[in-house]
2 protein chains.
Amino acid sequence: MTPTLSLRQVESAEPDTTPDLAEMANAVRMLAVAGVEAAKSGHPGMPMGMADVATVLFSRVMRIDPARPDWPDRDRFVLSAGHGSMLQYALHHLLGYADMPIEELKRFRQLGSKAAGHPEYGHAAGIETTTGPLGQGITTAVGMALAERHLNARFGDALVDHRTYVIAGDGCLMEGISQEAIDLAGHLKLSRLVVLWDDNGISIDGSTTLSTGTDQLARVKASGWAVERVDAYDHEAIEAALNRARASDRPTLIACRSVIGYGAPTKAGTCGVHGAPLGMEEAQATAQALGWDSPPFTVPDDIRDSWRAVGRAGRQAREAWERRLAAHPARADFWRVMATEPGADVVDALAAYRQELAESRPKMATRKASQLVLGVVNAATDLTVGGSADLTHSNLTQTKGMDVMNAGHYAGRYIHYGIREHAMTAVMNGLALHGGVIPYGGTFLVFSDYARGAIRLSALMGVRVIHVLTHDSIGLGEDGPTHQPVEHLAMLRATPNLHVFRPADAVETAECWELALTSPGTPSALCLSRQDLPTLRRDASWNRSATGAYILRETPGPRDATLLATGSEVALAVEAAERLAEEGIATAVVSMPCWELFERQAPANRAIVLGNAPRVGVEAAVRFGWDRWLGDQGAFIGMGGFGASAPAPDLYRHFGITVDAIMAAVRARVAHA
Amino acid sequence: MTPTLSLRQVESAEPDTTPDLAEMANAVRMLAVAGVEAAKSGHPGMPMGMADVATVLFSRVMRIDPARPDWPDRDRFVLSAGHGSMLQYALHHLLGYADMPIEELKRFRQLGSKAAGHPEYGHAAGIETTTGPLGQGITTAVGMALAERHLNARFGDALVDHRTYVIAGDGCLMEGISQEAIDLAGHLKLSRLVVLWDDNGISIDGSTTLSTGTDQLARVKASGWAVERVDAYDHEAIEAALNRARASDRPTLIACRSVIGYGAPTKAGTCGVHGAPLGMEEAQATAQALGWDSPPFTVPDDIRDSWRAVGRAGRQAREAWERRLAAHPARADFWRVMATEPGADVVDALAAYRQELAESRPKMATRKASQLVLGVVNAATDLTVGGSADLTHSNLTQTKGMDVMNAGHYAGRYIHYGIREHAMTAVMNGLALHGGVIPYGGTFLVFSDYARGAIRLSALMGVRVIHVLTHDSIGLGEDGPTHQPVEHLAMLRATPNLHVFRPADAVETAECWELALTSPGTPSALCLSRQDLPTLRRDASWNRSATGAYILRETPGPRDATLLATGSEVALAVEAAERLAEEGIATAVVSMPCWELFERQAPANRAIVLGNAPRVGVEAAVRFGWDRWLGDQGAFIGMGGFGASAPAPDLYRHFGITVDAIMAAVRARVAHA
């Protein structure tokens, strides 16, 4: 059990090291206070508590260049406790990031400000990942630290030699995803990962003793981490611990015994300072207690100079790296890899393979087709890093010659993520954010539930992460309703900036993989069947999935009805259309592998595909979302609720997703029309 | 680090205790083998490995009565490693559960069989919770063990005195939710919770050393658990460990060093035996190796008699309890509580309070209205147990006089779940499944992402769990897109058997709470605003939210347009309609607090509400799902993507969710019509 910390009295918290660092930290602290006061919203407690730790980290240990925030060999910093965003904005301002002038801090949390409520990747320079949902940062950082080791194994210390630092709070460590991250990082011996835990004993509801008694150091030690405990205001001790962490052969957690809202005379050490402004009176009293006599948003020149000097040191490190790169034989290859574009080789190889599939017309599960396609992809590019949440032989995500990446062999390209869907996804976010890697990872579609928090962040950040989600319907059969997704296609499709692919056959699977690989700003979910499916496409000369939906089968003359279907149900629609043709009913079949791409087509083109005839949608999932395409007179054949345990053909019959049911729905509509 | 187990050779695995228990275990083992063989599908490895542990647990320790599977004071058994379902079906069959004759085992995984692919609550007697998604069982069990202590605090040892036993696998312990469960159970000192870990060192991809190096015993000890390590085939040791666990003042994890597929001569100890039938040859070789000479699905009479004797012992315990109950002064109250129906008092109190709100017409956030309503509810019934994932003062889930439930005071009715949305939800499932408690718990709507896995199980099982999801749109303002749900209403609405409520004002909030509390077979999600909203409803004489959607405002004569809106956007729709009326455009406003209930109305009634005039939907969320109501000519005013960080009024303007935009959309449609 963690001993209850007796929170230090502010009065006794004499700076115990050089005044310079203490003043640099107070500059961070008071900018955070001012920003939150001005916004009348935000979280002052964490930046105030951790300002000294962050100051030591940024000024004494980390290697970044504010003038080149994207320098590839920079150290990564992740504010996992993202609500303390003013800490990072204050640091960026003091370090001289061009996009973080004092005006932005004054506009903290206002529309369009670089200083957004939580740190957002792509919104301000130097924000390595979007944080706020707790536990994501620490897990994404595992991905960054792993990418570093992977690229180090390829390019050596001269080009890739950086570290990943995280500031995490009690909330990050309470979220379950943190355990997945800790276990995985320990297993992978990510010695360049350092987590600074803001051990302040306070969460929003009050003392952390309201809900936890875990000895966090014992817990992370159990997963093979090194651990440290320091006073969050003892600069020498913090630096020493960070240096020991740098020398460790394991990831390190440093418990920083801190006081939330450090410096606030009446509110420090209470949950009242977590998520609300101090109020003007307390803010002024804080300044007085800290001996800070500059007005809000004002930093004395000497302190500002000290911070700028830090930036200059980073510049020297960056320039030294650039000299090493310029002299390095692999420099062109390094830049190619860091550009992280699969390139024409992959596209060409996939086009050729697609043609081959259209000719050989295999009957196979789309998960199997995906594996064959991945064999082509992984041979044509060295950027892909695959993996699975312990379902390798079900997701079929590993291809020939793909070594396992582990502590003894970081050059490997296949990751056994363990039974940790959430961490897998956040780690993939980290791999993608680091650059030099295109990650994909597999689980069952139904377990995208477990990964939702991180999938959303993939989409929000716009990173190229490819989710391989097999066993995509009742077609998985006997495992029953706990394993049969029915609402998950809707859940994923509702998420902005996520491409949800459900290919109908091997050819579409190759097309969808190409689209996923060549969408740098959008994550993709490939929803794949467990069961075998016929190859429906004969023409593979162009990537028809790129329009999102297209007419797969048509009869000459006007249509009587249009069948809209995805994935495994397209074959049912085709068979229904063929049998309806024998009855003299002209039925077009539209395959819709990606709604989001179809939505982006010109309305006139969409109208041509959808047609004016009555429509019947077919998908072994719930109707939710389908009305977008069905029109007022449309019908839907699919699931009305959860699935059941039985062999797949029995389930399709039981739930009425059959050729006969499709034909009956069309006949009823044609009779009405 | 866990030392790698040297897996025991099957040959050397001599039974080291009475032949009776070993033979009883072999009966379980061979029924599991036969079931999986017959189904040609399933997971034999776990039942074979853990048959002895389960036999000792059920025959020597647990107290259940197969003739009365719902006896309130029975011990609870949770098969967290749900893929080993044949273990439980075999046990139920041998114990004499009426609904598990040998025919059901022969029909394992076939349509309609009681022996479904994974254990499903409500599908077969004695299945306490649905498992399969890993980590859910162990966490749900925490809820059951907590309900036991809560009711024990109310009714004493004479009536409530049982334990909760879990069999969990490596996968359960790798999933992050397990950490949340372990931390919470340790904090709450749930000494009646015992987890038997099937420590076989194998997961689907192979050795667990592929992905973990965590010392699990050290990890759970760090959260205040007692730990044991036993040989999974040493019956005396297992029983002794279970007895020590019963005497402990803390939850206990017993690591059972087992061999997956124990008994299979060539496949034992490999991942090949995890999820596929042994094959006839290996199945026969297994029988031979175990000295089992009965044909498949056949159990010798003496072994069957031993198992039936276990059932009889349980019956005696149950009858003794019934005698205690009959003599107990609180017996009527006990049955009332275990019936878990809020009753007329709550409904009447809510009707009166609804009327009060309609008269006083407060302007307040629906989260605040929810707190006021909860004050009424919690005073009118003693069944409700509330809580929050560390957002008590944001979710407003605690009401006056609601004590905190903790290890020193299990009678409390408010749970600080910590920053653990997933565990909170699974624990609530366990509280509800146990009976005697109606659980509700709060977090931000956006963090329903983290709880998805358990929310889905609430819906699949059909348990009355009430999710209080505040901060339900961009209306939360400055925290920005990581905290602003846009796709979550769609995600929840897509889930079968889940009522998603988004009340427009205080009156509807009271109505929706009533509907949530009186829906015993359906979980509810109450999506509530952070920002203040006017009271729109004047008439509260009947619960209009019960129809899911209703006409809130109408003008005499034919409608020119219909506005459909939910929650905070209903007020915008009303204002737009009023201003349009001044322009001579007759606009009805339909409030849609619950789509699922509206979907259940007769089509003719739905048609009256929706009307024939052009429709405009308004919701500060994505359009996905809305086309169900909009019709071919409909328009939608809402979010096209993720939100942003700014004060809420700025965001509504920025994203064009305004009265002006609604009016413009109506005018455009009316002009076209």
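So you know, we letter chains A, B, ... as the sequences are listed, proteins then strands, and number each from 1.
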So what's closer than 4.5 Å to chain B heavy atoms on Phe447(A): side chain, backbone, both or neither? side chain
Tell me, side chain or backbone of Val446(B) under 4.5 Å from chain A's heavy atoms, or both, or neither? side chain
Quick one: does Arg456(B)'s side chain get under 4.5 Å of Val486(A)'s, heavy atoms only? yes
Do Met491(A) and Arg493(B) have side chains that get closer than 4.5 Å, going by heavy atoms? no
Evaluate the side-chain proximity of Arg628(B) to Arg628(A): yes if any heavy-atom separation is below 4.5 Å, no if none is. no
Please work out which of the three classes, parallel, tilted or perpendicular, describes the rings of His422(B) and Tyr450(A), given edges at 30° and 60°. perpendicular
Has His187(A) got a side-chain atom pairing as donor or acceptor with Leu210(B)'s backbone, closer than 3.5 angstrom? yes
In terms of heavy-atom pairs under 4.5 Å with chain A, the winner among Asp205(B), Leu111(B), Asp627(B), Ile204(B) is Asp205(B)
Got Gln179(B) and Arg219(A) here, is their nearest side-chain heavy-atom distance under 4.5 Å? yes
Let's test your reading of the structure: which of Asp170(B), Leu460(B), Ile419(B), Leu489(B) forms the most heavy-atom pairs below 4.5 Å with chain A? Ile419(B)
Between Asp215(B) and Ala222(A) (side chain of the first, backbone of the second, donor and acceptor by atom type, cut-off under 3.5 Å), is there such a pair? no
With chain A, the option among Gly631(B), Cys172(B), Ala644(B) that has the most non-hydrogen atom pairs under 4.5 Å is Gly631(B)
Given a strict heavy-atom distance threshold of 4.5 Å, which part of Asn406(A) is in contact with chain B: side chain, backbone, both, or neither? neither
Find the one option among His393(B), Gln136(B), Gln633(B) whose heavy-atom pairs under 4.5 Å with chain A are most numerous. Gln136(B)
How long is the gap from OG on Ser211(B) to CG on Asp390(A), to the nearest 0.5 Å? 6.0 Å
Name the member of Glu421(B), Met639(B), Gln398(B) that forms the most heavy-atom pairs with chain A at distances under 4.5 Å. Glu421(B)
I need the residue from Ala218(B), Gly480(B), Gly171(B), Gly206(B) with the largest number of non-hydrogen atom pairs under 4.5 Å to chain A. Gly171(B)
Heavy-atom side-chain contact between His118(A) and Ser645(B) under 4.5 Å: no
Portion of Glu599(A) that has a non-hydrogen atom of chain B nearer than 4.5 angstrom: neither
Between His43(A) and Asp479(B), is there a side-chain heavy-atom distance shorter than 4.5 Å? yes
Determine the minimum heavy-atom distance between Thr130(A) and Thr482(B), stating which atoms define it. CG2-CG2, 3.3 Å
Report which part of Pro485(A) has an atom under 4.5 Å of a heavy atom belonging to chain B: side chain, backbone, both, or neither. backbone
Do Pro133(B) and Asp449(A) come close enough that some side-chain heavy atom pair is under 4.5 Å? no
First locate atom CE of Met174(A), then atom CZ of Arg420(B), and finally report the distance between them rounded to the nearest 0.5 Å. 5.5 Å
Please look at Tyr417(A) and chain B and tell me whether the side chain, the backbone, both or neither of the residue comes under 4.5 angstrom of a heavy atom of that chain. backbone
